[in-house]
**Q** 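Pasting a structure below so you can have a look.
We use all heavy atoms of the structure for the numbers below, so side chains are in, but hydrogens, waters and symmetry mates are not.
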Amino acid sequence: MTRQMVEPTGKRKRGIPMSKNSGSDATSRILGGLAVTGSLATAVTDLLGVALSDRIGLAADTISDMAAGEYDLLADLGLYAFVLGVLAATAGLLRWRIDRKDWKIGAALLVVYAAAVTLIAAYEAYSTGDGPVIHIYLVYTLGVAFPLAALLTAGQIYEIDKRIGIACYLLGGTFALLGPGLFMMPTGWDGLYERFLAFLMLAWFVIMGVMIWRDPDIAHQVSAEQQGKD
């Protein structure tokens with residue numbers, strides 16, 4: 001039998017098992033706020049570093065070039081703020097208790113993504129030359145983990161809000177298609193291209209943060225049968 005999801009208006013629409021006992025509360029607002037501010041912080045620190053530096057250009061130099069330059073501390077702070085935002089988004093999405101394998105795998109990939117960003121910010125080999133160069137492998141990890149997480153979670157998000165779900169499919173799919181092009185871009189434009197890809201990622205995390213902040217209040221939308229009530 002097809003389960004139905006009940007909206008507060010009394011209307012019914014097709015749905016699948018979603019979160020239970022979730023609502024607009026202080027925790028969802030904190031997690032959603034951190035996801036949004038963490039994403040915005042990393043964009044601001046990158047643009048600020050480019051503006052302050054007389055050797056880093058927005059188009060010709062990558063985010064990694066800025067992070068390995070004179071304003072590396074500023075870049076690292078932005079990345080750490082972003083990691084906090086990613087983990088907050090992951091925690092917020094897990095609070096919905098969605099019982100789908102694709103959703104759980106997507107959430108796990110977000111943790112992998114956060115770990116890779118942390119290593120990029122913390123590991124000094126890229127800028128000092130000491131030890132193995134792992135930066136490129138971490139970039140590969142980001143390039144795989146993000147689009148997979150976005151696409152795997154988009155199906156459930158589509159059930160919550162079709163327009164947002166379509167946006168998530170587009171962001172994840174566009175990144176997956178264009179991501180490999182970064183390694184073929186001329187050096188005069190690779191920085192701008194990388195920042196466009198970063199914009200796609202940040203846009204997705206901001207959308208997730210807003211959704212978590214608003215929290216669809218699933219406990220009032222899911223029928224008593226789905227909530228396990230008599």
Side-chain angles (χ1 to χ4, degrees), residues 35-36 38-83 85-86 89 106 109-110 112-154 166-208:
V36 172
S39 299
L40 296 179
T42 190
V44 169
T45 53
D46 175 61
L47 295 176
L48 182 60
V50 171
L52 292 174
S53 176
D54 57 359
R55 291 181 290 180
I56 299 295
L58 194 65
D61 297 288
T62 65
I63 299 171
S64 298
D65 291 332
M66 202 274 283
E70 57 184 323
Y71 293 102
D72 58 334
L73 179 60
L74 181 63
D76 289 346
L77 289 175
L79 289 175
Y80 287 133
F82 182 46
V83 169
V86 172
L109 286 170
L110 290 180
V112 173
Y113 181 93
V117 176
T118 301
L119 287 173
I120 286 176
Y123 192 68
E124 295 299 328
Y126 180 69
S127 57
T128 66
D130 298 327
V133 178
I134 64 172
H135 181 85
I136 189 63
Y137 301 107
L138 296 174
V139 172
Y140 291 152
T141 301
L142 298 182
V144 173
F146 167 71
L148 281 178
L151 293 172
L152 286 170
T153 55
I166 291 172
C168 291
Y169 276 123
L170 289 174
L171 289 170
T174 302
F175 188 96
L177 289 173
L178 299 183
L182 176 63
F183 302 100
M184 297 178 284
M185 286 296 295
T187 56
W189 295 99
D190 58 348
L192 188 61
Y193 193 87
E194 184 185 46
R195 286 178 172 86
F196 170 72
L197 294 175
F199 169 78
L200 297 178
M201 289 192 293
L202 295 180
W204 187 84
F205 282 104
V206 168
I207 290 173
M208 294 303 101

**Q** Looking at Val206 and Ser39, what are the two nearest heavy atoms and their distance?
**A**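 Looking at all heavy atoms of both residues, the shortest contact is CG2-CB, 3.8 Å.
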
**Q** Considering all heavy atoms of both residues, which atom of Ala116 and which atom of Leu142 are nearest to each other, and what is their separation?
**A**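 Residues Ala116 and Leu142, closest heavy atoms: CB-CD2, 3.6 Å.
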
**Q** Roughly how far, to the nearest 0.5 Å, is CZ of Phe82 from CG of Leu40?
**A**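 Rounded to the nearest 0.5 Å, the CG-CZ separation comes to 10.5 Å.
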
**Q** Begin with the C-alpha distance, continue with both residues' side-chain angles, and end with the deciding distance and a verdict on side-chain contact (heavy atoms from CB on, under 4.5 Å) for Phe196 and Leu200.
**A** CA-CA 7 Å; Phe196 170 72; Leu200 297 178; 4.0 Å; yes

**Q** More than 12 heavy atoms of other residues, nucleotides or ligands under 6.0 Å from CZ of Phe183: is that the case?
**A**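 Yes, the 6.0 Å shell around CZ holds more than 12 heavy atoms from other groups.
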
**Q** Please examine the side chains of Arg195 and Val50, heavy atoms only from C-beta on, and report whether any two atoms are closer than 4.5 Å.
**A**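 In contact.
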
**Q** Rounded to the nearest 0.5 Å, what's the gap from NE2 on His135 to OH on Tyr140? Could you check?
**A**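 Going from NE2 on His135 over to OH on Tyr140, the span is 10.5 Å.
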
**Q** Could you pull out the closest heavy-atom pair between Pro180 and Ala176, with the gap in Å?
**A**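 Residues Pro180 and Ala176, closest heavy atoms: CD-O, 3.4 Å.
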
**Q** If you take all heavy atoms of Thr153 and Gly106, which pair is closest and at what distance?
**A**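 Between these two residues, the closest heavy atoms are CG2-CA, 4.1 Å.
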
**Q** How long is the gap from CG on Leu151 to CZ on Phe146, to the nearest 0.5 Å?
**A**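 These two atoms lie 8.5 Å from each other.
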
**Q** How far does CG of Leu79 sit from OG1 of Thr42, to the nearest 0.5 angstrom?
**A**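 Going from CG on Leu79 over to OG1 on Thr42, the span is 4.5 Å.
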
**Q** Where do Thr45 and Gly78 come nearest, in terms of heavy atoms and distance?
**A**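 Closest approach of Thr45 to Gly78, heavy atoms only: OG1-CA, 3.3 Å.
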
**Q** Got a second to check how far Leu73's CG is from Tyr80's OH, nearest 0.5 Å?
**A**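 One finds 9.5 Å between CG of Leu73 and OH of Tyr80.
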
**Q** Ignoring hydrogens, what is the shortest heavy-atom contact between Leu178 and Tyr193? Give both atom names and the distance.
**A**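 That would be O-OH, 2.6 Å.
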
**Q** Okay, side chain of Thr141, backbone of Tyr137: is any donor-acceptor separation there less than 3.5 Å?
**A**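 Answer holds: yes.
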
**Q** Can you tell me how far apart CG (Leu138) and OH (Tyr113) are? Round to the nearest 0.5 Å.
**A**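 If we round to the nearest 0.5 Å, Leu138:CG and Tyr113:OH are 12.0 Å apart.
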
